[in-house]
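Here is the structure we will look at, set down as structure tokens.
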Amino acid sequence: MHVVATAGHVDHGKSTLVRALTGMEPDRLEEERRRGLTIELGYAWTTLPSGERLAFVDVPGHERFLATMLAGVGPAPAVMFVVAADEGWMPQSEEHLVALEALGVRHGLLVVTRADLADPAPAVRQAQDRLAASGLGGAPALAVSGRTGQGLDELRKALDRLVATLPEPDPGAPVRLWIDRAFSVRGSGTVVTGTLPAGTIATGDELALPGGPVRVRALECLKEQVTSATGVARVALNLRGRAVPERGQALVTPGAWTDTDLVDVRLSAAGAAGAGGGPPDGPPMPAEHDLRSRATRGPSSLDGRDLPRRLTAHIGSAAVVCEVRPLGGEIVRLRLAAPLPLHVGDVLLLRDPGRDQGEVRVLAGASVLDVRPPALRRRGAARDRAALLAAAVPDEAFLLGTHRLLRAGDLLAMGCAPAGAPVCGDWHADPAYWARLGERLAEEVRRHAAEHPLEPGLPLEAARHELGLPDRRLVAALVRSPLAVTDGRIMSGPAGLPAPVALAVKRLGAELSARPFLAPEAGRLAELGLGPRELAAAVRAGGLFRVADGIVLLPGADARAVELLARLPQPFTVSQARQALNTSRRVAVPLLEHLDRKGLTERMDETHRRCRISSPE
Ligand SMILES: Nc1nc2c(ncn2[C@@H]2O[C@H](COP(=O)(O)OP(=O)(O)OP(=O)(O)O)[C@@H](O)[C@H]2O)c(=O)[nH]1
Ligand SMILES: [Mg+2]
């Protein structure tokens with residue numbers, strides 16, 4: 001199925017055309033028929049010559065119903081832009097074009113209707129002129145009459161060609177169905193309708209409303225009961241749940257959107273295409289939307305300072321009052337009066353509800369760059385933020401760059417499926433930030449060791465706090481050799497050793513601090529995981545001092561031993577040395593032999609030695 005919205009000035013024949021194409025009545029209200037005026041959105045559908053099904057969302061053209069018009073065109077991917085041959089381009093033609101341009105609508109047809117009342121050629125030329133610089137510049141133009149049926153076959157074929165060019169929406173995309181109607185049906189409860197732009201809804205699905213979760217009890221597409229519908233589609237859903245749905249709310253995949261009332265956006269010059277006055281031979285143009293920026297800086301540069309402070313933001317069927325805070329240039333921060341489910345890349349339409357009738361009231365498109373923007377407290381923070389956002393493309397790298405650390409679920413809810421690998425669990429980090437954190441952790445561990453030499457290492461929780469991280473697992477993920485974690489503490493080992501060996505050496509160091517010459521027994525070394533290879537590596541790295549096979553002490557133990565031995569009456573026996581060093585024969589004998597080899601001590605006879613350097617006294 002495809003969905004096309006109508007657009008165009010009041011009374012130009014939109015509903016008549018939809019009626020002629022579908023045989024269905026888009027104006028359902030008695031009041032609409034009585035006044036010959038569309039007030040509410042109308043829905044009708046037909047099968048095109050190719051067999052493709054096409055639904056129309058018929059919008060009102062009257063200036064008073066602009067909000068309804070925006071609700072209709074918002075989720076529709078294409079538009080049938082209607083201009084009456086006998087009236088030509090009119091104020092709401094201009095206003096609708098401005099809105100479509102801000103929304104980024106690129107697909108559509110220009111249909112000059114009421115061709116039985118006047119030669120359509122001048123109106124076609126005039127409208128093409130107005131559309132030229134817009135996204136609809138290349139739209140095929142047709143002249144038709146909804147009354148005589150002239151040109152309708154051609155129009156059907158053109159609609160077929162149009163829908164064939166429309167991009168195929170992702171059936172797996174998260175659902176966001178802006179509710180355009182909500183009502184109760186006796187016996188089946190609450191029913192809502194809307195245009196599903198992408199994604200899939202099936203019976204039994206749980207979806208979220210602002211008021212809470214709801215379940216899809218039944219589903220209709222163009223009045224036919226179905227078990228699932230994939231966007232683009234017009235759908236009617238029968239819902240079960242406590243939340244009371246209302247027009248302007250969205251029904252969303254739980255967790256897939258960020259509910260936010262604060263967004264940073266980039267303004268786009270809505271109506272840039274239409275600025276600069278009308279064609280010389282055309283009817284009078286609407287009062288120019290006189291943004292100073294447009295006049296003084298050209299159409300491409302909009303300045304947030306030129307906008308009124310209070311505007312209405314439109315997206316889908318929602319219309320929410322917002323406060324505008326200019327950050328710099330075309331970057332502004334919007335505070336919404338009510339939260340909306342948004343993704344980065346969404347386009348809000350900013351409208352000045354206070355403007356007089358007859359003026360173009362759509363002021364700008366606002367492309368969402370951040371749905372969870374940071375507080376701006378520092379002096380100059382707003383300016384820096386604007387500079388950062390000025391050239392930003394809101395993708396994963398950008399989101400991680402500004403938020404530094406995000407869970408996969410946060411990224412998804414912001415509108416960005418994470419492609420990069422997580423740093424741990426479901427956490428994703430900005431690479432530069434992560435590298436800086438690693439360095440800071442090493443520093444913190446060093447500082448802690450220096451300030452608390454008797455403590456075995458920096459507790460993970462303390463490190464988490466120091467680094468300002470939300471999850472202790474992140475600290476553990478930052479630990480790299482020579483750092484190592486044991487018993488919830490981070491230790492630093494000698495450089496170049498594998499973390500477990502560094503850690504064992506560190507523990508050994510702690511144990512040897514009380515009795516530095518009592519080398520660990522083989523059993524203790526095994527417990528610490530220090531086999532011959534590990535010991536050799538630790539000795540090579542300077543973490544341990546090898547006295548003999550299987551006997552290790554801390555580096556510098558030999559020099560310290562000589563210091564102590566030099567204080568003994570010379571010569572001394574092994575037993576005296578053993579006592580002075582507070583150790584066992586198992587260590588004392590090979591240690592003395594080592595000192596002999598190094599020439600620090602020498603043997604006098606079978607039982608006596610003396611130091612070869614003089615005592616420190
Ligand atoms: N002669 C002639 N009259 C037409 C044609 N199309 C519409 N009309 C008449 O123009 C008037 C307005 O037509 P609608 O279809 O209601 O116009 P609309 O654009 O839907 O108007 P709104 O929804 O209120 O913006 C009606 O009186 C129609 O009968 C046409 O092709 N030829
Ligand atoms: Mg109408």
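Order of appearance sets the numbers: ligands from 1, and atoms from 1 within every ligand. Predicted, not measured: the structure shown is a model, and the values here were computed from it.
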Atom pair CG (L334) and CG (L348), whose distance is rounded to the nearest 0.5 Å: 6.5 Å

Under-4.0 Å salt bridge between D58 and R28: no

Distance filter under 4.0 Å to T113 heavy atoms, resulting ligand 1 atoms: 31 (O)

Residue, atom name and distance, where the atom is the protein heavy atom closest to atom 27 (O) of ligand 1: R147 NH2, 4.5 Å

Nearest option to atom 31 (O) of ligand 1, as decided by whichever heavy atom of P60, G146, G149, A143 sits closest: G146

Proximity winner for atom 25 (O) of ligand 1, if only heavy atoms of R35, K14, H62 are counted: K14

Taking every non-hydrogen atom, the tightest pair across A173 and A198: CB-CB, 3.9 Å

Sub-3.5 Å N/O-N/O distance, G13 and ligand 1: yes

Heavy-atom pair with the smallest gap, counting every atom of V79 and A7: CG2-CB, 3.6 Å

NZ/NE/NH1/NH2 to OD/OE distance under 4.0 Å, K157 and E154: yes

Side chain proximity check, I39 to T68, heavy atoms < 4.5 angstrom: no

Protein N/O/S atoms closer than 2.8 Å to the Mg ion (ligand 2): S15 OG, T38 OG1

Options R114, H9, Q92, E40, ranked by nearest heavy atom to atom 11 (C) of ligand 1, top entry: R114

Protein heavy atom at shortest distance from atom 26 (C) of ligand 1: T16 OG1, 4.5 Å

Top protein contact for atom 16 (O) of ligand 1, by heavy-atom distance: G36 O, 3.9 Å

Side-chain heavy-atom pair H107, L162 within 4.5 angstrom cut-off: yes

Numbered atoms and elements of ligand 1 in range of L37, under 4.0 angstrom, heavy atoms: 24 (O)

Closest protein heavy atom to atom 12 (C) of ligand 1, given as residue, atom name and distance to 0.1 Å: D11 OD1, 3.3 Å

Residue pairs involving residues 244-259 (criterion salt bridge (Lys or Arg N to Asp or Glu O under 4.0 Å); sequence neighbours excluded): E40-R247

Per-atom contacts of ligand 1 with S15, taking only distances under 4.0 Å to non-hydrogen atoms: 15 (O), 18 (P), 20 (O), 23 (O)

Nearest heavy-atom neighbours spanning T203 and A218: CG2-CA, 3.8 Å

Heavy-atom pair of closest approach, residues P171 and T230: CB-CG2, 3.6 Å

Within-cut-off N or O pair, G61 and ligand 1, under 3.5 Å: yes

Salt bridge (Lys or Arg N to Asp or Glu O under 4.0 Å) partners for R310, two or more places apart: E323

Best match, T38, V82, L152: closest heavy atom to atom 23 (O) of ligand 1: T38

Spatial distance of atom CG (L21) from atom OG1 (T46) [nearest 0.5 Å]: 7.0 Å

Atom 1 (N) of ligand 1 - nearest protein heavy atom and its distance: D116 OD2, 2.9 Å

Ligand-residue contact atoms, ligand 1 with S145, heavy atoms, under 4.0 Å: 30 (C), 31 (O), 32 (N)

With sequence neighbours excluded, residues passing ring pair (Phe, Tyr, Trp, His ring centres under 6.0 Å) with W257: H343

